[in-house]
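Chain A is the first sequence line, chain B the second, and so forth, proteins listed ahead of strands; every chain is numbered from 1.
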Amino acid sequence: MAAWFHRPKYTIVRKTTERSETKIPEGMWVKCEKCDSILLKKELDDNLSVCPKCGLHSRITAKKRIEILTDEGSFVPMFEDVRSVDFLGFPQYKEKLESSIKKTNMTDSVLAGTAKINSMDIALAVTDFFFMGGSLGSAMGERITALIELAIRENLPVIIISASGGGARMHEGIMSLMQMAKISAGLGKLADKGLPFVSVMTDPTGGGVTASFAMLGDLNIAEPEAFIMFAGPRVIEGTIKQKLPAGFQRAEFLQEHGMIDYIVVRKDMKNAIHQSLSTMLNKEKYAGRA
Amino acid sequence: MADEHIQILEFEKPLAELKKKIEELKVYAREKNLNVDAEVKPLEERAGKMRDEIYKNLNSWQIVQIMRHVKRPKTLDYVALMIDDFQELHGDRSFADDKAMVGGIGKIDGISVMIIGLQKGKDTKENLMRNFGMSQPEGYRKALRLMKYAEKFNMPVLTFIDTSGAYPGIEGEERGVAEAIARNLMEMSRLKVPIIVSVIGEGGSGGALGVGVGDRVLMLKYATYSVISFEGCATILWKDATKAAEAARILKPTAKDLFELKVIDEIIDEPLEGAHKDYEYTANNLKTAIVKYLKVLVKIPLNRLLEERYKKFRNMGIYERVEQQAQTAKEEADNA
């Protein structure tokens, strides 16, 4: 335990993951990826996986996200019967699906259903980065579209929380691309009905997810420092042969460039969304042309 | 021979060599005033057979090569051959005029339409001007402006897809290329005029889909449409971009594949050796199909048109439905 007090002064460049694996007793302690602080795992969990020292918002599972965001026990999962199929015979897809199902105890990369936030009824979908990068395939497309249609029928606001680094799931070829159009068309119907859509972008949100539902919110909200992109930084670097500026594609960068309404820390997310939705749906507001 | 100046694809080489030999033989015979008809005839028959064999059994990668042929017609070539009174319209009214996304008004078979298409260059000079057909956010916003314009004047929209994708650069991220594409997906799904999409060359991912939502989606025989570039897919799978041919096989990106997957409505025929061999033939086929669908679509009442367009995309996706009961039983078995 005390070994890190005696680290030689000038050898700093080591892989953090290796270091944390060797020096920290498994399970009890974790190290912040950003500020290197050694934290009690329980302390980090109690703080919603946000580093109490530097405020880094670590990635969390969809289940954890729902726990944090919704009223206790209010989430009713739906459309779980919709499952991915390896219809292209794509290398490793079956194996990846099976191992992801085992690892995450989810049936695909999104949880969808109804829930309450501060007693307000909502339709909620949360994608999970730990299930194949939170990628968008036919199953996610169907679950989210079915959820939007349910919201239209039952007059509910829709909240989608993205943690999808990979964007469209290439293992489903063109069909994954079409899911972008499918969900966006659903959101068009929702908009026609005058119902609000809140998009929450968390670390990471990329590719076909960003270029479809994630950017279409009446409210586009992000967590601090969340990595949000269209093209991956390596692709851009490879194309333009330049180093990318610091802070590029972080939530603050997107807000600076007008793509995001506001950034809110994890513990305040629930109340912030509730407050905004309450204002938008307030019955006492100006009646206008109606 | 004009053909000599045209790029010969790898799989065409044996045929090209045979053709060259026949040509040489003919030239030689002419010079020496010999009659070689008896020798030439079987050779020409063999060449014809070879040609049929090659093109009857094209694999995905060979189709990709035809799609990438330098002389393949581009959006403005089709516009020139299909559209009367075309007037190009420029700019997104907000930031710039994206030359990788062209647009304008004109008439097809007497019907006024809005044309929007991704435009690659014919040579290096034009490609630099067109950014190799890779649009920036302002290209998608220009497209949306023109679609709203079409809606206002009740003109059907024809879009043409030919791009490797939206341009991956710093400015694109700054100006929100993801937002621009997303917005188009939503707005195209409910635009109050008919939309016919034609994939004429390369259908590259989100950058293609950004003008790809419509009532009918047509695709030329040797065009491709894919969620990821074949080289990119090969790099992810095998860390080796040279295995792109294998990726092209797996991704099922050809017109035939997409027709079978019900992503497109019709395959438009090209000359056996590709659209570059006969622009007029290809443009005529495409025009005939577009006009055929336009005449059907303009008669459909708007509500139904929009509902059918919604359903078309809403029904896309291949997944299975697991019986909930069986699922519960399985979970119990897993837990036991």
Side-chain angles (χ1 to χ4, degrees), chain A residues 80-85 87-92 107 137-139 141-142 145 167-170 172-182 184-189 191-192 207-208 210-216 228-232 235-236 239-240 242 244-245 248-249 253-254 257-259, chain B residues 134 165-170 172-190 203 205-210 212-213 225-228 232-233 236-238 246-247 250-253 257-258 261 263 309-310 312-324 327:
Chain A
E80 292 268 318
D81 57 327
V82 175
R83 307 289 174 87
S84 297
V85 196
F87 55 89
L88 291 179
F90 198 94
Q92 298 293 309
T107 53
S138 296
E142 178 61 25
T145 309
R169 187 181 285 174
M170 68 167 180
E172 292 187 15
I174 193 75
M175 219 41 107
S176 62
L177 189 72
M178 293 302 141
Q179 302 311 304
M180 295 165 60
K182 174 170 171 168
S184 302
L187 290 172
K189 284 215 153 199
D192 285 342
T210 317
S212 61
F213 58 87
M215 275 294 165
L216 290 174
I228 304 160
M229 68 201 136
F230 174 64
V235 174
I236 297 175
T239 307
I240 64 172
Q242 282 174 44
L244 300 171
F248 183 63
Q249 297 179 320
F253 171 92
L254 272 92
H257 286 95
M259 297 300 140
Chain B
M134 290 182 285
Y167 184 70
I170 292 176
E173 300 287 323
E174 286 175 341
R175 297 198 290 273
V177 67
E179 192 277 340
I181 290 173
R183 183 76 45 204
N184 283 9
L185 300 184
M186 187 168 90
E187 294 302 335
M188 291 183 90
S189 78
R190 55 180 187 168
S205 193
L209 188 63
V213 178
Y225 199 176
S226 175
V227 67
I228 185 170
C233 180
I236 293 172
L237 280 179
W238 306 292
E246 179 58 10
I250 294 165
L251 285 165
K252 292 206 164 66
D257 297 327
L258 269 73
L261 289 167
V263 169
R309 190 188 305 157
Y310 176 73
K312 178 183 176 64
F313 285 87
R314 196 256 168 272
N315 290 336
M316 282 189 197
I318 299 176
Y319 51 86
E320 58 183 11
R321 281 194 185 272
V322 178
E323 289 284 328
Q324 291 288 353
Q327 184 191 333

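Looking only at side-chain heavy atoms (C-beta outward), A:M175 and B:K252 stay at 4.5 Å or farther from each other. Residues A:E142 and B:R314 form a side-chain contact, since some pair of their non-hydrogen atoms from C-beta on lies under 4.5 Å apart. Here the side chains of A:M178 and B:L209 are in contact, with some heavy-atom distance below 4.5 Å. Two residues are said to be in side-chain contact when any heavy atoms from C-beta on lie closer than 4.5 Å; B:L237 and A:M170 meet this criterion.
Residues A:A181 and B:L185 share a closest heavy-atom pair of N-CD1, 4.1 Å. Listed here is the closest heavy atom pair of A:P245 and B:I170: CD-CD1, 3.8 Å. Closest approach of A:I240 and B:G169 over heavy atoms only: CG2-CA, 4.3 Å. Across A:T239 and B:P168, no two heavy atoms sit closer than the pair OG1-CG, 3.6 Å. Taking all atoms of both residues into account, the shortest heavy-atom contact from A:G173 to B:L251 is CA-CD2, 4.2 Å. Smallest separation of non-hydrogen atoms from B:A178 and A:F230: CB-CB, 3.9 Å.
Here B:E179 pairs with B:R141, B:R183 under the salt bridge (charged side-chain N to carboxylate O under 4.0 Å, His left out) rule; sequence neighbours left out. Contacts of B:R190 classified as salt bridge (charged side-chain N to carboxylate O under 4.0 Å, His left out), with partners at least two apart in sequence or in another chain: A:D192, B:E187.
The greatest number of non-hydrogen atom pairs below 4.5 Å with chain B, out of A:A139, A:S84, A:P91, is found for A:P91. For the options B:I228, B:L261, B:D257, B:V213, heavy-atom pairs under 4.5 Å to chain A are most numerous at B:L261. Of all the listed residues (B:A180, B:S189, B:A166), the one sharing the greatest number of non-hydrogen pairs under 4.5 Å with chain A is B:S189. Interface remark: of the candidates B:I236, B:I318, B:V177, B:V263, B:I318 forms the most heavy-atom pairs closer than 4.5 Å to chain A. Highest contact tally toward chain B, considering only A:L254, A:V85, A:I174, is held by A:I174 [criterion: heavy-atom pairs under 4.5 Å]. Interface check for chain A: of the options B:Y225, B:Y319, B:F313, the most heavy-atom pairs under 4.5 Å are formed by B:Y319.
The contact between A:M229 and chain B is made by backbone and side chain atoms together, counting heavy-atom distances below 4.5 Å. Looking at A:F213, there are no atoms closer than 4.5 Å to chain B (heavy atoms on both sides), in backbone or side chain. Residue contact with chain B, scored on non-hydrogen atoms closer than 4.5 Å, involves the backbone and the side chain of A:M215 alike. With a 4.5 Å cut-off on non-hydrogen atoms, A:F90 touches chain B through its backbone and its side chain both. At a 4.5 Å heavy-atom cutoff, the contact between B:S205 and chain A is made by backbone and side-chain atoms alike. With a 4.5 angstrom heavy-atom cutoff, B:R309 does not touch chain A via any of its atoms.
Distance CD/B:E174 to CZ/A:F253: 4.5 Å, rounded to 0.5 Å.
Listed for the B:E173 side chain is a donor-acceptor partner under 3.5 Å among the backbone atoms of A:A231. Judged by distance alone, with hydrogens and angles left aside, the side-chain atoms of A:S138 form no donor-acceptor pair with the main-chain N or O of B:G317 at under 3.5 Å.
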